[in-house]
Amino acid sequence: MLIDAEDVGSVERVAALLKAGEVAAFPTETVYGLGANARDGKAVARIYEAKGRPSFNPLIVHVASLEAAEEIATFDPLSRRFAEAFWPGALTLVLPLKDTAGISSLVTAGLDTIALRVPAHPLARRLIETSGLAIAAPSANRSGRVSPTTAAHVMADLDGRIAAVLDGGSTRIGVESTIVAVTGDDVRLLRHGGVSRGDLEAIAGRPIIADQPVVDDAAPISPGLLTSHYAPKARVRLNADDVRADEAYLGFGPVASEIGSQAAAFESLSERGDPAEAAANLFAALRRLDRPGIAAIAVAPIPQEGLGEAINDRLARAAAPRS
Ligand code: TXA
Ligand code: MG
């Protein structure tokens, strides 16, 4: 069921569904999440069921504030500085789980750490506050598909499998949150996302090395970071500076439309070559180009600046050999 966020009482309706143990999708500033009460194991199981997600893949828990997060996990000083700098926002922190947190072990997939985030989107914030819940929410797509940045994307993947989608329009950032784990002196960037590496380094006061792209899918560091993860149905060809007639072209920058005019279909991520604009358009453009008759999606090179790292990470996964 699609619920328009503009309707009177819309957030209250979705909050009531979550409190009753249902799963419902809602917008965050990164992508749409598929939410359930993180303290209700049966409700969390419904997330895995709806997504068709392997159950070893732990979920991010969304809370209202740093204070609420501190009831669930133990913060080291640098993680607290990251939280103060970027929350509410597109940063997820992996932290030691407190015994007293009461979070379902299905959320953490049995790990002794938990991924936490305070979202910035006003609807996500109202939903957390109105329900009074800690909300476990992975991206609201079928497992292995690209993340949804509109309510229509959620419906295309999950209609009939979930109780509701709160429709709040397109998400602003368009790629998932950045995931960071601090252990002692070690800061690990587990997933590139809406907060850039440079932003993190400015707070940490030192360089942060990103974890190598996961090659060994048998033992990924962050279990969700499987090599082939953000997969459209069509094959994806990276760093393309030309295109074949049976390919779609995903362009970037001012020259893209010339190449695009020779393609079977064309989308521009950002005509002015802005990585943040490109991130916001990425998943919707991939979904539009991924249609029958398209042999492959050829993608223009994207510079590794700002959110460019997150975009290239998602594109590399989309292009990875499928299992
Ligand atoms: O922007 C986002 O992060 C969105 C919105 C809805 O908040 N959520 C999202 O969730 O992208 P999901 O489930 O698609 O990705 C969560 C990632 C997975 O790669 C998972 O393996 C990792 O977080 N993760 C969760 N708990 C973890 C933990 N304890 N240690 C390491 N990685 C963890
Ligand atoms: Mg996901």
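Whatever order the structure lists them in is the order used to number ligands and atoms, beginning at 1. Start at 1 with the first residue, then count along the sequence.
Less than 4.0 angstrom separates some heavy atom of His62 from each of these atoms of ligand 1: 5 (C), 6 (C), 7 (O). Within the listing of ligand 1, atoms 6 (C) sit less than 4.0 angstrom from a heavy atom of Gly33. Ligand 1 places these atoms under 4.0 Å from at least one heavy atom of Ser139: 8 (N), 9 (C), 10 (O), 12 (P), 14 (O). Of all atoms in ligand 1, listed by their number and element, those nearer than 4.0 Å to a heavy atom of Ala115 are 25 (C), 26 (N), 27 (C). The distance from ligand 1 to the heavy atoms of Ile179 drops below 4.0 Å at these ligand atoms: 17 (C), 22 (C), 23 (O). Close contacts between ligand 1 and Arg191 involve ligand atoms 2 (C), 3 (O), 9 (C), 11 (O), 15 (O), 16 (C), 17 (C) [criterion: under 4.0 Å to a heavy atom]. Remark: ligand 1 atoms within the under-4.0 Å shell around heavy atoms of Arg117 are 1 (O), 5 (C), 7 (O). Listed by number with element, the atoms of ligand 1 under 4.0 angstrom from any heavy atom of Val94 are 28 (C), 29 (N), 30 (N), 31 (C).
The option with the heavy atom closest to atom 28 (C) of ligand 1, from among Leu111, Leu97, Asn141, is Leu111. Of the candidates Ala25, Pro58, Gly174, Pro58 brings a heavy atom nearest to atom 25 (C) of ligand 1.
The pair Glu70-Arg80 meets the salt-bridge criterion, with a side-chain N (NZ, NE, NH1 or NH2) lying under 4.0 Å from an Asp/Glu carboxylate O. Salt bridge annotation for Glu201-Arg206: absent, with no cationic side-chain nitrogen under 4.0 angstrom from a carboxylate oxygen. Salt-bridge annotation for Glu309 and Arg197: present, with a side-chain N of the basic residue lying under 4.0 Å from a carboxylate O of the acidic one. Look at Glu49 and Arg161 and you find no salt bridge, because none of the NZ, NE, NH1 or NH2 atoms lies under 4.0 Å from a carboxylate O.
Using a 30° and 60° split on the angle between ring planes, Phe266 and Tyr249 fall in the parallel class, below 30°.
Annotation: Ser177 places an N or O atom under 3.5 Å from an N or O atom of ligand 1; distance criterion only. The shortest N or O to N or O distance between Thr113 and ligand 1 is under 3.5 Å. Remark: ligand 1 and Glu176 share no N or O pair separated by less than 3.5 Å (distance only, no angle test).
Contact analysis puts Val31 in contact with ligand 1, with a non-hydrogen atom separation below 4.0 angstrom.
Side-chain N/O atoms of Ser177 and Arg191 include a donor and acceptor closer than 3.5 Å. Using a 3.5 Å distance cut-off with no hydrogens or angles, the side chains of Arg117 and Thr30 do pair a donor with an acceptor. Side chain to side chain, Ser147 and Glu176 meet the donor-acceptor criterion of an N or O pair below 3.5 Å.
Under 2.8 Å from the Mg ion (ligand 2) lies no N/O/S atom of Ser147, from backbone or side chain alike.
Not a single donor-acceptor pair under 3.5 Å links the side chain of Asp313 to the backbone N or O of His192.
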Test log, rule salt bridge (Lys or Arg N to Asp or Glu O under 4.0 Å), inputs Lys233 and Asp290: CA-CA 6 Å; Lys233 287 177 188 137; Asp290 189 19; 5.8 Å; no
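Contacts with ligand 1 closer than 4.0 Å are made by side-chain heavy atoms of Asn57 only, the backbone lying farther away.
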